[in-house]
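Scope of the values below: all heavy atoms of this structure, side chains included, with no hydrogens, waters or symmetry mates.
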Amino acid sequence: MPRSHRPTLPALSRLLLAGLLLTSHHATKANQPSPTHLNSSIHNPTSNEAPPQNHIQPADLDALGQLRAIVDWPASIWARSSVWIVQNDWQRITQQWNLTHTQWNHDGTQLSAAFPIEPAPILLQQSHRPQSDHSRLSYQLHAKQRVDLNGIYWFLDVRVDDFRDGEIEIAHQRVPLPADFNVKELGAAHASHLTIRSRDKLKQITLNFGSPRDIQIQDARAFGPTNDVFQVFVQFHAGPLSSDIHAGFDVDVKATLRPASEPVRIDLASDGVSHRYDGMGGNFVYAIDHPATRKNLAELSPAWARIGVDLRLWEPSNDNDDPTIFKPQPPERNTPESIRLRERFTLDRELARRAQGNVIASVWYPPEWLMDQPHHDPHHWREHAGTIARDRWPELIESIQSYLLHLKSIGCEPKLFSFNESDLGVYLKLDGESKRDLYRALGEALQQAGLSTKLLLGDCASLREGWTQIQPTLHDPHAMRHIGAIAYHVWSGERDMWDTWSDLARRLNLPLLVTEAGVDAGAWRNHAFNRPINALRSADRYVRLISEGRVNALLEWEWTGDYSLFEDRDGRLLYTSRAQLIRQLHDLTPTPALVMQTTPHPDIAAAVLRRAPNSNANADVAWVIHLVNTGPARDITLENLDLETRSPHQINHADQTTPDQMTQMSLELHVLDLASPPIESISSRPSQILNTQQKTIAQQKTIALRLPAGAMVSLVLRDQPRN
């Protein structure tokens with residue numbers, strides 16, 4: 001396989017990056033070595049300007065145009081906005097999450113959608129215009145025929161945990177935000193702007209409506225303990241809407257966030273190895289013919305590859321009435337269907353070779369003729385969950401079995417098989433008992449067909465819902481003997497469930513895979529997947545999953561033209577900060593690697609990995625420490641960096657090599673500014689700081705550095721050829 005490029009420092013546009021300094025703390029005991037001071041002059045910053053404001057968007061919107069956070073780079077604060085349409089004296093409420101026919105323009109700044117209201121839908125036009133330090137959200141609504149309404153409101157929710165014992169300053173009055181629920185109505189005013197402020201004054205949100213509005217403030221805990229938010233809402237229209245009666249509204253949103261910036265100390269003392277990490281992988285499901293697919297495969301080596309099983313093309317109609325005999329139905333030559341299937345199988349064969357057999361085959365769309373709720377258009381993608389009656393399971397199993405046998409015949413025998421997100425129903429919905437029974441039957445059928453493919457337990461959209469779904473299978477020994485690995489998708493985070501899943505994997509001695517790694521499952525609608533805030537969230541989540549989640553592999557969604565890692569600018573594929581993140585994790589981590597047990601830190605994500613005895617990718621990397629800072633620039637101290645007693649050479653060599661005989665090592669520092677705009681290319685020259693004997697590096701117990709804001713920093717200890 002071609003050697004991947006190693007990312008270097010991109011053009012640094014921030015003064016904070018100029019201050020990056022790597023030093024060693026002075027020894028505190030007489031018998032410790034003198035510290036080695038490392039030169040930081042390699043950074044050569046080009047300017048002290050802030051990130052370009054058209055690249056950093058102060059308002060982070062979801063796929064329906066609702067605020068999900070307000071950004072004061074690199075910090076952000078949770079906030080949720082929604083347009084409410086009220087009818088029948090608040091007896092009927094339609095909210096923005098009910099929108100249908102959502103359509104964004106290419107840069108994700110203009111939304112067209114419809115509220116499903118009788119007798120006529122209300123049409124929404126929403127725009128998002130980022131400014132230097134705030135964002136303007138504009139709304140225009142109308143209906144093609146008259147619709148009677150009580151009013152249209154704009155709501156903003158903020159978490160009680162962020163603003164308890166804080167205040168809202170509005171119209172020269174201060175409205176307290178109570179820690180404990182007392183009353184629903186907290187205040188009201190006629191004003192053009194307001195400020196929501198935390199008790200410690202480190203968090204502040206400002207709303208500006210341009211002209212005075214009637215504003216109400218309430219404690220939503222009045223509606224139940226799960227509604228743990230304070231709400232600000234504004235009525236911006238009353239009465240009917242029609243084609244000649246429009247409702248319009250503008251609001252400027254701004255966050256001023258001053259998160260704690262005191263020095264951070266991270267104790268790297270370890271009791272040993274936590275788990276094995278196989279590396280980065282990718283999904284290859286949609287848009288596989290896009291140039292991004294070939295570019296990724298030219299530069300990245302997938303530790304795991306997940307492919308789509310297209311049963312709709314494979315068996316578009318029932319081949320016969322005998323589920324034990326499969327009669328192929330190849331599409332006519334040179335039709336779109338035959339071309340797609342040929343491209344699919346060609347790529348799958350290549351992925352099996354590149355991933356050394358670590359292929360996961362997943363079904364999204366069963367054939368429509370099998371579904372209990374057939375789609376009205378068999379040529380259109382299914383958008384809603386469906387089920388398959390048990391008496392048609394033998395036909396489903398026949399279709400899967402024959403497909404996998406064909407893959408095996410062309411050199412791609414998947415290691416694992418799954419139904420994608422069957423807990424949510426994307427697009428086959430299975431309850432726990434149904435999945436257990438289907439897995440028992442399918443596992444036996446694959447085994448009888450001579451396939452080595454095992455079944456993937458989980459592969460769920462939600463760690464919480466998926467945990468409930470897998471329980472019947474876990475308690476069935478006949479089903480469990482067909483299970484080859486455990487997996488989940490991590491779009492919604494759910495960090496409180498990570499230990500539950502990793503403990504299960506460890507107890508069963510099965511690999512734990514994140515088969516869809518990402519932070520915004522709806523970003524395909526508004527092209528938000530390559531925004532800097534998403535890259536920063538991804539970096540923090542992925543490093544924590546490696547260290548705290550104890551996962552064996554991360555499979556990015558996707559390594560194709562869908563959720564592309566690149567920005568396509570007139571046919572040129574530019575590296576986004578998300579693409580650079582994936583390459584830094586891929587190119588600077590030995591795979592497989594051994595992840596060391598470390599104590600999690602709430603502000604700084606950290607993962608310490610050392611080379612495994614059988615590492616085959618980046619095998620010259622002995623150690624790497626990945627750090628991600630989602631807050632302001634701050635000083636960080638890594639303590640108890642015990643490379644001497646945990647030397648990888650003690651693993652790689654049976655003889656007891658002395659430190660003086662060890663290979664010469666280099667210590668490198670790689671900085672990724674996650675706010676950087678897309679770049680043309682990634683240089684292949686590493687950021688080399690120090691050449692020394694391993695004996696010298698191994699004796700360093702403490703390293704201090706200035707961690708830039710919104711950055712990922714990787715410290716790499718790499719083998720160097722001996723003179």
Side-chain angles (χ1 to χ4, degrees), residues 51-85 94-115 123-141 152-159 162 196 205-209 229 231-234 236 248-255 257 491-493 518-538 541 563 567 576-578 630 674-675 710:
Q53 291 299 332
N54 61 348
H55 188 59
I56 304 296
Q57 297 187 354
D60 185 28
L61 305 182
D62 68 14
L64 297 175
Q66 303 171 120
L67 271 171
R68 64 174 185 174
I70 310 176
V71 180
D72 183 12
W73 183 265
S76 63
I77 189 166
W78 187 95
R80 289 289 185 270
S81 68
S82 182
V83 174
W84 289 29
I85 297 179
T94 307
Q95 299 182 34
Q96 197 161 349
W97 59 266
N98 297 121
L99 283 177
T100 61
H101 301 93
T102 55
Q103 184 174 354
W104 289 84
N105 67 344
H106 183 70
D107 63 3
T109 60
Q110 300 284 340
L111 168 68
S112 300
F115 288 92
L123 306 180
L124 167 69
Q125 294 286 332
Q126 178 182 328
S127 68
H128 171 211
R129 297 190 293 275
Q131 308 296 318
S132 59
D133 64 348
H134 67 277
S135 278
R136 172 162 295 181
L137 305 179
S138 299
Y139 305 84
Q140 290 289 330
L141 294 90
I152 304 178
Y153 295 80
W154 185 81
F155 273 73
L156 181 76
D157 296 355
V158 296
R159 284 193 180 118
D162 289 324
I196 311 171
I205 294 174
T206 302
L207 305 178
N208 193 324
F209 307 106
V229 296
Q231 291 182 318
V232 173
F233 60 102
V234 181
F236 65 92
F249 179 69
D250 291 346
V251 58
D252 293 344
V253 297
K254 175 183 178 181
L257 306 172
W491 296 107
S492 55
V519 295
D520 186 354
W524 60 275
R525 295 181 182 271
N526 59 346
H527 306 276
F529 39 81
N530 281 329
R531 290 178 187 165
I533 191 65
N534 278 24
L536 181 61
R537 289 174 180 149
S538 297
R541 184 169 295 178
Y563 274 62
E567 180 178 305
T576 64
S577 52
R578 178 168 151 255
T630 56
L674 291 162

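Inter-residue side-chain proximity for L61 and W104 is flagged as met; some heavy-atom pair is nearer than 4.5 Å. Contact check for W154 versus F209: side-chain heavy atoms found under the 4.5 Å cut-off. For the pair L141 and F249, the minimum side-chain heavy-atom distance is 4.5 Å or more. Counting heavy atoms from C-beta outward, V229 and V158 have side chains that stay 4.5 Å or more apart. At a threshold of 4.5 Å between non-hydrogen side-chain atoms, the residues I205 and L207 count as touching. The shortest side-chain heavy-atom distance between T630 and P74 does not fall under the 4.5 Å cut-off. Between S81 and L156 there is a side-chain heavy-atom pair separated by less than 4.5 Å. W84 has its side chain out of reach of T94: every pair of non-hydrogen atoms, C-beta onward, lies at least 4.5 Å apart.
N526 places a side-chain N or O within donor-acceptor distance of the main-chain N or O of D62, the cut-off being under 3.5 Å. Using a distance-only test at 3.5 Å, with no hydrogens or angles considered, a donor-acceptor pair links the side chain of S82 to the main chain of Q96. Checking side-chain atoms of D72 against main-chain N and O of L257 turns up a donor-acceptor pair under 3.5 Å. Although no hydrogens or angles enter the test, the distance criterion places no donor-acceptor pair under 3.5 Å between the side chain of Y139 and the main chain of V251.
Y563 and R578 make their closest contact through O-NH2, 2.9 Å (heavy atoms, listed as atom of the first residue, atom of the second, distance). Scanning all heavy atoms of the two residues, the minimum distance from Q57 to P130 falls at CG-CG, 4.0 Å. Residues A69 and R80 approach most closely at N-NH1, 4.2 Å, considering heavy atoms. E567 and T576 get closest at one heavy-atom pair: N-CG2, 3.7 Å. In terms of heavy atoms, N534 sits closest to A528 at ND2-O, 2.9 Å.
S127 meets the side-chain hydrogen bond (donor to acceptor under 3.5 Å, both in side chains) test with R129; sequence neighbours excluded. The salt bridge (charged side-chain N to carboxylate O under 4.0 Å, His left out) test applied to R136 returns D252, not counting sequence neighbours. For D157, there are no salt bridge (charged side-chain N to carboxylate O under 4.0 Å, His left out) partners, not counting sequence neighbours.
Here I533 contributes atom CD1 and S577 contributes atom OG; the two are 10.0 Å apart, rounded to the nearest 0.5 Å. With rounding to the nearest 0.5 angstrom, the NZ atom of K254 is 12.0 Å from the OG atom of S135. Q103 CD to Q110 CD: the interatomic distance, rounded to the nearest 0.5 Å, is 11.5 Å. Atom CG of D133 and atom CD1 of I56 lie 13.5 Å apart (nearest 0.5 Å). Taking CD of Q126 as the reference point, atom CG of L99 lies at 8.5 Å (rounded to 0.5 Å). The structure places CH2 of W73 at 4.5 Å from CG of L536, a figure rounded to the nearest 0.5 Å.
With salt bridges taken as basic N to acidic carboxylate O contacts below 4.0 Å, none links R531 and D520.
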Practice task
Start with the C-alpha distance between I85 and N98, add both sets of side-chain angles, then the distance that settles side-chain contact (heavy atoms from CB on, under 4.5 Å), and finish with yes or no.
Solution key: CA-CA 11 Å; I85 297 179; N98 297 121; over 6 Å; no
